[in-house]
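Throughout, residue positions are numbered sequentially from 1 according to the sequence presented. These numbers come from a predicted model, not from an experiment.
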Amino acid sequence: MSPSHDDTNFGIATLAARPRVAFPPNWPVRIGGIALAAYVVYASTILDLTWNRFVIGLDHGAKFLARMFPPDFAADKMDLLYVGMTESLQIAIIATVVGVFLSLPLGLAAARNLAPRPLAWSARALIALFRSLHPVIVAILFVKSVGFGALAGILALIIASLGFLSKLVAESVEEMSMSPVEAVRATGSPFLSVVIMSVLPQVMSRFIGFSAYQLDSNLRNSALVGIVGGGGIGATLLTAFQRFDYDFVLTIVLAIIAIVMVGEIVSGWMRRMFQ
């Protein structure tokens with residue numbers, strides 16, 4: 001039996017009378033947030049993160065900064081700075097160029113819509129291995145393998161470049177349109193022609209942007225790998241710290257900041273040029 005007109009009106013009135021909640025509570029999120037906050041408090045007590053230590057650290061930091069000013073621009077120090085910065089630039093550029101050329105085929109091999117499944121998963125496992133370790137740790141391993149110097153730093157930054165660029169290349173290839181790929185395949189073209197004619201035109205602009213960013217990243221990381229023996233300005237910085245030559249430390253830090261800013265400008269120009 002169909003409901004009467006009065007029953008229908010009553011149902012509509014009942015629904016209209018119910019209070020509406022604009023943002024209903026999400027209890028799983030709330031419980032997760034409370035659990036996270038509780039863990040942060042618990043971890044802070046284990047790590048001895050106290051306000052007293054923070055205040056004492058501020059006082060020591062102020063004394064340290066006072067010893068850094070003014071920066072030291074003596075002629076002999078500038079020679080050391082020039083040699084270290086030149087080597088860091090060479091390390092970053094060589095590592096970026098080699099990493100770019102190696103990451104493109106590795107990224108294509110990791111693309112699941114382009115490469116066979118066994119090859120794609122093997123390539124992704126290799127990329128995950130490259131991404132699992134920080135460049136400083138990789139640099140330590142290479143220092144133990146090939147000795148101190150620029151070679152260890154270059155190898156460490158190549159591994160870092162491969163881990164970053166290959167993953168982004170694979171993701172870009174998987175997001176591209178497959179229609180041009182299928183059109184080129186239909187002509188009976190070999191795999192290399194498919195890549196050149198249909199894949200690279202779709203991902204090349206993004207790949208150049210990724211490469212520019214990686215150059216900027218390698219400029220920063222070249223100082224880090226040098227601290228552990230990978231050559232470059234990092235070794236000069238570590239020596240200045242060991243000698244308590246803090247005014248020269250400030251000079252080195254200012255030079256690193258200037259180089260990174262120049263690298264940022266160059267990478268931005270590269271991205272605009274090829275977009």
Side-chain angles (χ1 to χ4, degrees), residues 57-102 130 133-165 211-270:
L58 289 178
D59 181 60
H60 290 169
K63 294 178 180 178
F64 173 70
L65 291 176
R67 297 180 62 182
M68 296 178 69
F69 287 91
D72 188 359
F73 294 105
D76 57 337
K77 300 295 180 60
M78 290 297 99
D79 292 338
L80 294 174
L81 179 64
Y82 174 77
V83 172
M85 290 302 301
T86 302
E87 189 173 44
S88 284
L89 285 173
Q90 293 168 346
I91 291 172
I93 293 173
I94 293 174
T96 303
V97 171
V98 176
V100 164
F101 279 104
L102 294 179
F130 290 157
L133 297 177
H134 192 274
V136 173
I137 300 176
V138 179
I140 294 174
L141 298 177
F142 279 119
V143 166
K144 294 297 183 181
S145 302
V146 301
F148 292 92
L151 179 59
I154 291 173
L155 294 175
L157 294 184
I158 288 175
I159 295 299
S161 301
L162 285 173
F164 177 78
L165 292 175
S211 302
Y213 177 80
Q214 187 61 42
L215 174 61
D216 180 51
S217 177
N218 284 342
L219 287 173
R220 297 191 302 269
N221 289 331
S222 62
L224 292 176
V225 299
I227 293 177
V228 296
I233 194 62
T236 309
L237 180 63
L238 179 62
T239 302
F241 268 114
Q242 292 173 341
R243 294 178 177 176
F244 304 102
D245 198 358
Y246 296 133
D247 49 357
F248 185 45
V249 168
L250 178 59
T251 305
I252 297 173
V253 171
L254 293 176
I256 294 174
I257 293 173
I259 291 297
V260 171
M261 291 182 66
V262 171
E264 179 66 24
I265 294 173
V266 171
S267 63
W269 173 80
M270 290 176 61

Distance-only check: which donor-acceptor pairs under 3.5 Å involve side-chain atoms of residues 251-263, not counting sequence neighbours?
residue: Thr251; atom: OG1; partner: Asp72; partner atom: N; Å: 3.0
residue: Thr251; atom: OG1; partner: Asp72; partner atom: O; Å: 2.8
residue: Thr251; atom: OG1; partner: Asp247; partner atom: O; Å: 3.2

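- Pairs passing the side chain to side chain donor-acceptor pair (under 3.5 Å) check and including a residue from residues 86-99, sequence neighbours excluded, read Thr96-Asn218.
- The minimum heavy-atom distance between Val138 and Ala156, with the atom names listed, is CG1-CA, 3.8 Å.
- Counting only residues at least two apart or in different chains, ring-ring contact (aromatic ring centres under 6.0 Å, His included) contacts with residues 143-165 comprise Phe164-Tyr213.
- To the nearest 0.5 Å, atoms CZ (Phe101) and OG (Ser211) are separated by 9.5 Å.
- Take Phe130 and apply the ring-ring contact (aromatic ring centres under 6.0 Å, His included) test, not counting sequence neighbours, and it matches no residue.
- No more than 12 heavy atoms of other residues, nucleotides or ligands sit less than 6.0 Å from atom OH of Tyr82.
- Applying the salt bridge (Lys or Arg N to Asp or Glu O under 4.0 Å) rule to pairs touching residues 60-71 yields Asp59-Lys63, sequence neighbours excluded.
- The two residues Ala92 and Leu215 come nearest to each other via the heavy atoms O-CD1, 4.2 Å.
- Among pairs with a residue in residues 216-230, those fulfilling salt bridge (Lys or Arg N to Asp or Glu O under 4.0 Å) read Asp216-Arg220, at least two apart in sequence or across chains.
- Between the CD1 atom of Ile154 and the OG atom of Ser161 there is a distance of 11.5 Å, given to the nearest 0.5 Å.
- Between Phe248 and Leu80 the shortest heavy-atom distance is CZ-CB, 4.2 Å.
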Below 3.5 Å, can you tabulate the donor-acceptor pairs from side chains in residues 224-243 to any protein atom, sequence neighbours excluded?
residue: Thr239; atom: OG1; partner: Ala235; partner atom: O; Å: 2.9

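- Atom CD1 of residue Ile137 and atom CD1 of residue Ile159 lie 13.5 Å apart, to the nearest 0.5 angstrom.
- Rounding to the nearest 0.5 Å places OG of Ser217 at 8.0 Å from CG of Leu157.
- For Leu65, the side chain to side chain contact (heavy atoms under 4.5 Å, CB included) criterion is met by Met68, not counting sequence neighbours.
- Phe64 is linked by a ring-ring contact (aromatic ring centres under 6.0 Å, His included) to Tyr246, counting only residues two or more places apart in sequence or in another chain.
- Applying the salt bridge (Lys or Arg N to Asp or Glu O under 4.0 Å) test to residues at least two apart or on different chains, none of the pairs has a partner in residues 142-151.
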